[in-house]
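Residue numbering restarts at 1 for every chain, and letters A, B, ... go by the order of the sequence lines.
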There are 2 protein chains.
Amino acid sequence: MSKSDARPLTLRDVSEASGVSEMTVSRVLRNRGDVSATTREKVLKAAKELGYVPNKIAGALASQRVNLVAVIIPSLSNMVFPEVMTGISQILEDTELQPVVGVTDYQPEKEERVLFEMLSWRPSGVIIAGLEHSDASRAMLKASGIPVIEIMDVDGTPIDTCVGISHRRAGREMAQAIIKGRYERIGFMGTKMPLDHRARKRFEGFTEALGKAGIEIAEREFYSGGSALAKGREMTAAMLKRDPELDFLYYSNDMIGAGGLLYCMENGYNIPEQIGLAGFNGVELLQGLPRQLATMDSCRQEIGRKAAEIIAQRVEEPNIELDKRVELMPKISFGDTLKRR
Amino acid sequence: MSKSDARPLTLRDVSEASGVSEMTVSRVLRNRGDVSATTREKVLKAAKELGYVPNKIAGALASQRVNLVAVIIPSLSNMVFPEVMTGISQILEDTELQPVVGVTDYQPEKEERVLFEMLSWRPSGVIIAGLEHSDASRAMLKASGIPVIEIMDVDGTPIDTCVGISHRRAGREMAQAIIKGRYERIGFMGTKMPLDHRARKRFEGFTEALGKAGIEIAEREFYSGGSALAKGREMTAAMLKRDPELDFLYYSNDMIGAGGLLYCMENGYNIPEQIGLAGFNGVELLQGLPRQLATMDSCRQEIGRKAAEIIAQRVEEPNIELDKRVELMPKISFGDTLKRR
DNA sequence: GTGAAAGCGCTAACAT
DNA sequence: ATGTTAGCGCTTTCAC
């Protein structure tokens, strides 16, 4: 109880309190090697009574092993990355590994800083969103000598291994579903984010597939900041005013799509006959809307789980050979806003 | 480029490559002490060319200082904690400190494990959600000797310092607004979470204030799991079926409130005359709904900022005397679903 | 089953 | 302005 000594306890303290050598105390606390039941008891008792918390810094330095996995993502407020985290945690919970999160705000320089910071803690692996990184970031990752899993996207060349979906394909498939639905006059709405490569790739796949069917996007609009639901509503209103003949609206995410859907419903549009809508991500959050928005699942949890599994395996068995590219297949969900034929 | 040697680089490598002593290299890399411009250049060049990443583990062990702040929260998928994180990051970005997140899933045993794990990295401070912790957790926090900020709640006794709102007061104030609005037959819906102490306290404050006005809650219902929007809708439907005379619905969070609101609108209820609704949290996400749900801001970012500021100050100046209890005052927003008089 | 010695990669403190 | 020495708290290795 003496609050006098602020110095954290060390193994030595436990050793003295229990009358067991530091080395054996260490063994007990890590469940390593053979220790007699009696000494074990003594040590455990002393450690608990003192309230000893091991110093992982010293442990990591001595053992050259750190049970941390760096997870580097663009944002937490996006609803999609927390789900990736959930998948990662699920898997790592059964291992010694622990995720540590860093956020980049979609800024390459910040990504570089965060990466440098995290690598300087010598984690056992890195899970990082996207395939696009600065040269410096790529160099650091390559030089790190640890497993690097790039997630969310497979359209590109991974540094080491990638796990995700093809956003180009996702855009393409949605375009094909729209074409099949006999929609012809199509508007697109998305985020004004030159650095959101995955949204860009979806858009590219989308326009490319439409192009093959001789269709060109009639209207497009991009937003930034603010409440996505409100923005979707506003953009939709503006776009339908500009071109009332539009018969389909493709949104780069479900939240703005939901805003658009609410707008269309309130204004008496006949959905999905007169006008169809689709978003992207498949966020569970939106179940409960008056109508189900057509969307495409982005396999977020699954991506997190798979990435974590790969890291765990590679930590166990460093020389194991695994696929360098794991593509998951998102499935379209038609909801109530996309004619299905 | 030689991939041969997997061993990470050390200061010694930079020292040899630059012909400068390890100590001076260290000084350059940390911007400490006086180093001549020329040596500085040499060192920086060598470090960059080699791709040296400092080993923070060794640095932390030697200097006995770790620029990490442990942030321990119940969940990431809640929408409220990411916002707290945003506030924390905003402040810590201007310091040497770095947040590290741990998630407890509202489970005290998991909180204990996460806390132990994080404390074993000897962080400079802890920000932890809530005032309720197991005895073991409290003991660890007390013994840690570092600043401990308990956030989100001020109804209780902090271990060290707390920053948040009074959920009891929040419940009370909403009750008072409802009474002023002349509502009389009130239903409550919330999460089935015995461990969500803040929701519980809001509920207690709410019923207490109603009780003083001679009103008792007419109906209540609790859910767990699933899409909050959908659950809010379902629960509302069920509750209004059971008791069609209800004239107010109080929800323990905005998402289920929004579900209820959508349900009521679709079913031709006259809002807020025939029936009023209110949620809690003030999530920006929901702007863009056809009508604005009455709610109460829970000051999430502000809480994060304030907590981070306190940690930063205490790290700078360990003996500084600061308030042990910082109460922020959430304000009610009436939206379109609560009569205001 | 237990202990003693050496050292992980860095920095504080003290030379120079 | 730069270098030397000692040691942070643990684990590895080897001896008993």
Side-chain angles (χ1 to χ4, degrees), chain A residues 5-44 46-47 50 52-68 96 117 119-124 144-145, chain B residues 5-44 46-47 50-67 96 117 119-124 144-145:
Chain A
D5 206 352
R7 171 186 65 82
L9 297 161
T10 69
L11 263 190
R12 164 173 233 107
D13 294 309
V14 181
S15 165
E16 282 170 1
S18 63
V20 177
S21 79
E22 275 188 53
M23 196 51 236
T24 301
V25 171
S26 168
R27 281 198 267 260
V28 171
L29 265 21
R30 286 177 300 142
N31 294 312
R32 281 278 180 328
D34 295 319
V35 181
S36 74
T38 19
T39 18
R40 159 171 254 94
E41 294 307 314
K42 268 195 292 190
V43 170
L44 255 19
L50 294 173
Y52 172 70
V53 176
N55 185 333
K56 286 224 180 203
I57 298 177
L61 184 62
S63 67
Q64 303 281 62
R65 291 166 333 93
V66 178
N67 62 341
L68 260 25
E96 300 274 62
E117 193 71 22
L119 288 180
S120 70
W121 286 101
R122 301 287 187 267
S124 292
S144 70
Chain B
D5 206 353
R7 173 186 63 81
L9 298 161
T10 68
L11 261 191
R12 165 173 232 110
D13 295 310
V14 182
S15 165
E16 283 169 0
S18 62
V20 177
S21 79
E22 277 187 53
M23 196 52 232
T24 302
V25 171
S26 168
R27 281 197 266 257
V28 171
L29 266 21
R30 288 177 300 142
N31 293 311
R32 282 276 181 324
D34 295 319
V35 182
S36 75
T38 20
T39 21
R40 158 172 254 93
E41 295 306 316
K42 268 195 291 191
V43 170
L44 255 18
L50 294 173
Y52 171 71
V53 177
N55 186 333
K56 287 224 176 200
I57 297 178
L61 184 61
S63 66
Q64 303 283 61
R65 292 170 330 95
V66 178
N67 61 341
E96 300 274 65
E117 194 72 23
L119 288 180
S120 70
W121 287 101
R122 301 287 188 265
S124 293
S144 69

What pairs with A/K56 under salt bridge (charged side-chain N to carboxylate O under 4.0 Å, His left out), at least two apart in sequence or on another chain? B/E117
Mind jotting down which residue pairs meet the salt bridge (charged side-chain N to carboxylate O under 4.0 Å, His left out) criterion with at least one end in residues 19-31 of chain A? Sequence neighbours excluded, please.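 Those involving residues 19-31 of chain A are A/R12-A/E22.
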Any salt bridge (charged side-chain N to carboxylate O under 4.0 Å, His left out) pairs touching residues 59-68 of chain A, not counting sequence neighbours?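 Applying salt bridge (charged side-chain N to carboxylate O under 4.0 Å, His left out) to every pair that reaches into residues 59-68 of chain A, excluding sequence neighbours, yields nothing.
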Under 4.0 Å from any heavy atom of chain B: name the first and the last nucleotide of DNA chain D that qualifies, 5' to 3'. D/dA1 to D/dG9
Bend angle of the helix from C/dG1-D/dC16 to C/dT16-D/dA1, end axes from five pairs each (to 10°):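 The angle, to the nearest 10 degrees, is 30°.
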Once side-chain contact (heavy atoms from CB on, under 4.5 Å) is applied, do any residues pair with A/A58, and if so which ones, sequence neighbours excluded?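 A/A58: side-chain contact (heavy atoms from CB on, under 4.5 Å) contacts with A/N55, B/L61.
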Output all residues satisfying side-chain contact (heavy atoms from CB on, under 4.5 Å) with A/Q64, sequence neighbours left out; order by chain, then residue number.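 With neighbours one apart ignored, the set is empty.
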Without decimals, in angstroms, what is the distance between A/K42 NZ and C/dG1 C1'?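 It is 12 Å, rounded to the nearest whole Å.
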With sequence neighbours excluded, what pairs up with [X] under the side chain to side chain donor-acceptor pair (under 3.5 Å) test?
| X | result |
| --- | --- |
| A/T39 | A/S36 |
| A/D13 | A/R7, A/T10 |
| A/S15 | none |
| A/R40 | A/N31 |

Go through the steps to decide whether B/L11 and B/L29 satisfy the test side chain to side chain contact (heavy atoms under 4.5 Å, CB included), and finish with yes or no. CA-CA 10 Å; B/L11 261 191; B/L29 266 21; 4.0 Å; yes
Please encode protein proximity along nucleotides 9-16 of chain C as a string of B, S and -, counting only heavy-atom distances under 4.0 Å. BBBBB---
